[in-house]
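Have a look at the structure below before the remarks.
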Amino acid sequence: MRLSRYFLPVLKETPKEAEIVSHRLMLRAGMIKQEASGLYAWLPLGYKVLRKVQAIIEQEQDRAGAHEMLMPTLQPADLWRESGRYDDYGKEMLRVEDRHGRDLLYGPTNEEMITSVFRANVKSYKDLPLNLYHIQWKFRDEIRPRFGTMRSREFLMKDAYSFDLDKENSIKAYNRMFVAYLRTYKRMGLTAIPMQAETGPIGGDLSHEFIVLADTGESGVFCDSALLDKPIPSIDVDYDGDLSPIVDEWTSLYAATEDMIEMDKFEADVPEERRIAARGIEVGQVFYFGEKYSEPMGAKVTNADGEEVAVHMGSYGIGLTRLLPAIIEASHDDDGIIWPVSVAPFELGLINLKAGDETCVETCQKLYGELKSAGIDVLYDDRDMGAGGKFATADLIGLPFQMIVGPRGLKNGEVEIKDRKTGERSTVSIEAAAEHIRAIIEPLRLDTI
RNA sequence: CGGAGUAUAGCUCAGCCUGGUAGAGCACUGGUUUUGGGUACCAGGGGUCGCAAGUUCGAAUCUUGCUACUCCGACCA
């Protein structure tokens, strides 16, 4: 992409409404624009990152055996009357009426609707296990939206729902999502710790929240520091096999949110030097809730004995629009964002330091073509402006690498490569530049960890 | 919903106390500058001062009401 033709409205100054660093940087980097309290427009750069995050989630969900579909944002109230949640959910749920006076709601979650999909189509235990998910906009009329897209009213969420014959199999489904989540966050460069959590309005008796430690997090959390260094299950993990050893290993170390903390147990289980009491950002939550919806809504299958039984369900959510600020909170410096390659809006910034200089322009054009051919997602800063502004833009929007082309280096037939994260610079010949950067970036894409 | 605050140009803000023709920097447009960390200079465009009512000869400024937004708290991906 040529920057001169791209829509990238970066801000030199910080808009005053933004308090925390991720919100400030998302506004300054031209990723989002607020349209009302808790409602954001996603500008091209922000949307590009959102799509990359989405692709990783989809890939890991699919690997874990879940099937992607799409349900509407608006839902009929009758479905929610069946589960009893139409009256229980409270003011957080946005209710609307259509022209015929029918009650609808903008979905805050989809347990009811997925159950309706399931019961209309699945009748036999032979069709289980089943896990269906979608990535769709949700609306929760939060009392106080804040921190940009960290807590917005409209937000994009991946929500998966598992259906199994009994509790034992449902726990297996839970474990598959648990493992998939560990991998998903890791691929985005996040260290997310599963913690015992309250089940809230979703219901159920087993739940973990996945928490990224950050000072700006909204939840107080307590955990064993050994969890921070725990290796993540590899791409070879067998989702058809027994995953309980992995889950047991993770859950054997103490970790709980402030709602669930038992101080005695925390202090008994965790040696003092490993106790972490910190703030954290909740980037996902998994629930097992058994027959809570299947029973009242009649989601039943015939088992091997010919009996009709309610299926056991679980649900598994990841807030995509919250993941972006979470990644930024975990990875930034004074100059701006530092994206991991896996979710970076562009992998490389090609910077022409001297617009108008014939040699520089020609060299950049040539490199730009070569880089694209090498499969690098490159943003070419061809704007007619000074070098300082280009450096500042590249640092701010956080591209992992910069290829700097200026008259000084060209004299020796060289260009400079800067690593955004470490600040390290190296020089490479013009001829070898494209291949050189490809060799650096490719292993960092983390398709397979 | 309780508490605190803000609203003046695209952004950051001054002006308000003490009423008298609406300002600065950045951004934008045209030029000069050809620049290795937001270069310098010249010229220019852009605002019914959140909305409404009131006081006044006269309101961005004083009064009242409303709205929007932000922050702190209780709730949540």
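We name chains A, B, ... by the order of the sequence lines, and we start the count at 1 in each one.
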### Task
Measure from the ring center of A:Tyr174 to the ring center of A:Tyr288 and say whether it is less than 6.0 Å.
no
### Query
Given the C1' atoms of B:rU55 and B:rU63, what is the spacing between them in whole Å?
7 Å
### Distance, P atom - from B:rC42 to B:rG25, rounded to whole angstrom
10 Å
### Query
Quick one: is B:rU70 close enough that its OP1 or OP2 comes under 4.0 Å of any side-chain N or O from A:Gln34?
yes
### Message
Just the rounded figure in Å: distance from C1' of B:rC13 to CD of A:Glu13.
### Response
8 Å
### Task
Could you check how far CZ of A:Arg146 sits from C1' of B:rU70, rounded to whole Å?
12 Å
### Query
Can the ring centroids of A:Tyr185 and A:Phe210 be said to lie less than 6.0 angstrom from one another?
yes
### Query
Side-chain N or O of A:Arg144 less than 4.0 angstrom from OP1 or OP2 on B:rC72?
yes
### Message
For a quick check, with a 4.0 angstrom heavy-atom cut-off, what is the B/S/- contact string for nucleotides 36-47 of chain B, read 5' to 3'?
### Response
BBB---------
### Message
So A:Thr149 and A:His23, do their side chains get closer than 4.5 Å, heavy atoms only?
### Response
no
### Main-chain N/O of A:Tyr380 paired to A:Arg2 side chain as donor or acceptor, under 3.5 Å
no
### Task
Indicate, with a heavy-atom threshold strictly under 4.0 Å, whether A:Ala18 touches base, sugar-phosphate, or nothing.
nothing
### Message
If I take atom CD1 in residue A:Ile143 and atom P in nucleotide B:rG3, what distance separates them, rounded to the nearest angstrom?
### Response
15 Å
### Query
Does A:Arg151 place a side-chain N or O at less than 4.0 Å from the phosphate oxygens OP1/OP2 of B:rC75?
no
### Query
Do the numbers put A:Arg95 on top of the ring of A:Tyr86, so that NZ or CZ is under 6.0 Å from the six-membered ring centre and no more than 45° off the axis?
yes
### Query
Taking the same atom, C1', in B:rC49 and in B:rA14, what whole-Å distance lies between them?
13 Å
### Query
Mind checking the C1' distance from B:rC28 to B:rG36? Whole angstroms is fine.
26 Å
### Task
Nearest-nucleotide wise, let me know which of A:Leu320 and A:Lys91 is further upstream toward the 5' end of RNA chain B.
A:Lys91
### Distance between C1' atoms of B:rG58 and B:rU21 (Å, rounded)
12 Å
### Message
Return the pairing partner of B:rA7 with a 3.5 Å limit on both distances, Watson-Crick or G-U wobble; otherwise return none.
### Response
B:rU67
#### Entry: Rounded distance (Å) that lies between atom P of B:rU33 and atom NZ of A:Lys354
13 Å
### Message
Are A:Arg408 and A:Glu416 packed together at the side-chain level, in the sense that at least one heavy-atom pair is separated by less than 4.5 angstrom?
### Response
no
### Query
When we call it a touch if two heavy atoms are under 4.0 Å apart, what does A:Thr257 touch: a base, just sugar-phosphate, or nothing?
nothing
### Query
Which is true for A:Thr14 with a 4.0 Å heavy-atom rule: it touches a base, it touches only sugar-phosphate, or it touches nothing?
sugar-phosphate
### Message
Would you say A:Ser37 places a side-chain N or O within less than 4.0 Å of OP1 or OP2 belonging to B:rU70?
### Response
yes
#### Entry: Whole angstrom value for the distance that separates C1' of B:rC75 from CZ of A:Arg153
15 Å
### Query
Quick one: A:Glu19 CD to B:rG5 P, roughly how many Å, whole number?
16 Å
### Summary
If pairing means Watson-Crick or G-U wobble with both distances under 3.5 Å, then the partner of B:rG2 is B:rC72
### Query
B:rC75 P sits how many Å from A:Glu209 CD, rounded?
13 Å
#### Entry: Spacing of the C1' atoms in B:rA40 and B:rA22 (rounded, Å)
29 Å
### Message
Could you tell me the Watson-Crick or G-U partner of B:rC57, where both distances fall under 3.5 Å? Say none if there is no partner.
### Response
B:rG20
### Message
For the C1' atoms, the ones on B:rG20 and on B:rA60, what distance do you get once it is rounded to whole angstrom?
### Response
13 Å
### For atom CD1 of A:Ile281 and atom C1' of B:rC76, their distance in whole Å
14 Å
#### Entry: Heavy-atom check, side chain of A:Arg140 versus side chain of A:Tyr89, under 4.5 Å
yes
#### Entry: Integer angstrom distance from the P of B:rG50 to that of B:rA9
8 Å
### Task
Test salt bridge (charged side-chain N to carboxylate O under 4.0 Å, His left out) on A:Asp141 and A:Arg153 and set out the steps.
CA-CA 5 Å; A:Asp141 202 354; A:Arg153 292 193 293 174; 3.0 Å; yes
### Counter-base of B:rG37, judged by Watson-Crick or G-U geometry with both distances under 3.5 Å
none
### Summary
Which of A:Lys372, A:Met1, A:Lys48 passes side-chain contact (heavy atoms from CB on, under 4.5 Å) with A:Asp377? It is A:Lys48
